[in-house]
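Read the structure below first, then the notes.
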Amino acid sequence: MTDAERQAAVPPGRQPGEGKPGRPRSAPKRHNGLSTREEILQAASRLFGEQGYAKTTTRQIADTVGIKQSTLYYHFADKRALLVSLLSSTVTPALACARWLGEQDLDPVVRLCALVSFDLDTLLRDRHNLHVVYHLPELETDDFTPTRAAQTVLRDTYRDFSRAALASLHPPREAAELAADMDLVFALVEASVSQRQWGGEENRFRYATSALRGSLRLLGVARADIPDVIARAEQALADYRAGVGDPPPRSGHDAG
């Protein structure tokens, strides 16, 4: 080949003598704006939901994304790691926010309201259809005990925040009686996962608003005080997000 032919063979944007580009995908990138890791998680979630965890292979996941199987293993050690990452994608952020809230000088009712609001927003912004993943039978096995343990820690944090909020609102005996029902707050938040299959974004965020207000009513917060509590909670979350670089919620919770 002559020098002129070599020059003509160089692809646009590269100079003669530069190394070859990295290994190409086996198919074009499908989801603009998502990282390869996020594409893998999205594909895994869909395939787990459609055909089950046991029947889904890492090769199928890689083929769905349009990458080599070795690229998938660069991001995740195995299929179990994929499922653990999917499950942790909502619990881990909520626990981090709860730790931060616990360190702030906040009214206990505002603190709980902020956790509820953050957790609802995280669950509703989830891309991975976790309402399906959460019902996989494999989650009952010992392999996923750490994931279940993290969910237990989050539930216990809700209980602690709820007891502190009740103590700030009511006499001891009344607070103790109301505390027996406070797991309902956590249940209202967790139920938002199933809202993803019951309609569009508008319905899901309508549920989030109701769940937030309902949580405060369970505590015994006066109806007239709810808008102020929500506003103060959202300000606390704005401070938190500013510190950690978390994206703002897609839709504010209507305090009216």
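If you take CG on Asp78 and CZ on Phe76, they are separated by 10.5 Å, rounding to the nearest 0.5 Å. In this structure, Leu188 CG and Leu212 CG are separated by 10.0 Å, a value rounded to the nearest 0.5 Å. Note that CZ of Arg163 is 13.5 Å distant from CG of Leu178, once rounded to the nearest 0.5 Å. From Leu41, atom CG reaches atom OG1 of Thr36 across 11.0 Å, with rounding to the nearest 0.5 Å. Atoms CZ and CD, on Arg99 and Gln104 in that order, are 13.0 Å from each other to the nearest 0.5 Å. Put simply, CZ on Arg206 and OG1 on Thr209 are 9.0 Å apart, with the number rounded to the nearest 0.5 Å.
Look at Arg111 and Asp107 and you find no salt bridge, because none of the NZ, NE, NH1 or NH2 atoms lies under 4.0 Å from a carboxylate O.
Remark: the backbone N or O of Ala211 is paired with a side-chain donor or acceptor of Ser215 at under 3.5 angstrom. Gln235 contributes no side-chain N or O that, together with a main-chain N or O of Ala231, makes up a donor-acceptor pair within less than 3.5 Å. Looking at His170, its side chain does come within 3.5 Å of a backbone N or O of Leu219 through a donor-acceptor pair. Between the side chain of Thr71 and the backbone N or O of Ile67 there is no donor-acceptor pair closer than 3.5 Å. Here the side chain of Lys79 pairs a donor or acceptor atom with the backbone of Thr56 at under 3.5 angstrom.
Counting heavy atoms from C-beta on, the side chains of Arg217 and Arg223 come closer than 4.5 Å. With contacts defined as side-chain heavy-atom distances shorter than 4.5 Å, the pair Arg80/Tyr53 qualifies. Side-chain contact check for Thr64 versus Ile61: every heavy-atom pair is 4.5 Å or farther apart.
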task: Kindly determine whether Ser168 and Val109 satisfy side chain to side chain contact (heavy atoms under 4.5 Å, CB included), including the steps that lead there.
output: CA-CA 8 Å; Ser168 73; Val109 178; 3.7 Å; yes
task: Mind running side chain to side chain contact (heavy atoms under 4.5 Å, CB included) on Leu86 and Phe48 for me, showing each step along the way?
output: CA-CA 11 Å; Leu86 283 169; Phe48 290 160; 4.0 Å; yes
- prompt: After noting the C-alpha distance and the side-chain angles of Asp160 and Arg155, does the key distance pass the salt bridge (charged side-chain N to carboxylate O under 4.0 Å, His left out) rule?
  reply: CA-CA 9 Å; Asp160 291 342; Arg155 182 204 62 197; over 6 Å; no
Candidate pair Thr152 and Asp156, rule side chain to side chain contact (heavy atoms under 4.5 Å, CB included), full reasoning: CA-CA 6 Å; Thr152 299; Asp156 290 346; 3.8 Å; yes
- request: Show the numbers, then the answer: is there a salt bridge (charged side-chain N to carboxylate O under 4.0 Å, His left out) between Asp63 and Arg59?
  value: CA-CA 6 Å; Asp63 288 345; Arg59 181 175 296 278; 5.3 Å; no
field: Derivation and outcome, salt bridge (charged side-chain N to carboxylate O under 4.0 Å, His left out), residues Glu177 and Arg173
entry: CA-CA 6 Å; Glu177 291 175 353; Arg173 178 176 294 180; 5.5 Å; no
- request: Test side chain to side chain contact (heavy atoms under 4.5 Å, CB included) on Leu216 and Ile230 and set out the steps.
  value: CA-CA 9 Å; Leu216 295 175; Ile230 292 177; 3.9 Å; yes
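The heavy-atom pair separating Val116 from Val185 by the smallest distance is CG2-CG1, 3.8 Å. For the residue pair Tyr207 and Ala191, the shortest heavy atom distance occurs at OH-CB, 3.2 Å. In terms of heavy atoms, Leu72 sits closest to Ala62 at CD1-N, 4.0 Å. The shortest non-hydrogen separation linking Ala150 to Leu95 is O-CD1, 3.9 Å. Between Thr157 and Ala98, the shortest heavy-atom contact is CG2-CB, 3.7 Å. The two atoms that bring Cys113 and Ala233 nearest to each other are SG-CB, 3.6 Å, heavy atoms only.
Inspection of the Gln151 and Glu190 side chains reveals no N or O donor paired with an N or O acceptor under 3.5 Å. Under the 3.5 Å distance criterion, with hydrogens and angles disregarded, a donor-acceptor pair is assigned to the side chains of Arg37 and Ser85. Tyr158 and Asp119 share a donor-acceptor pair across their side chains, judged by distance under 3.5 Å alone.
No continuous path of ILVMFWY side-chain contacts below 4.5 Å connects Tyr74 to Leu83, so the two sit in separate hydrophobic clusters.
The aromatic rings of Phe118 and Tyr240 lie perpendicular to each other, with more than 60° between the two planes, well past the 30° mark.
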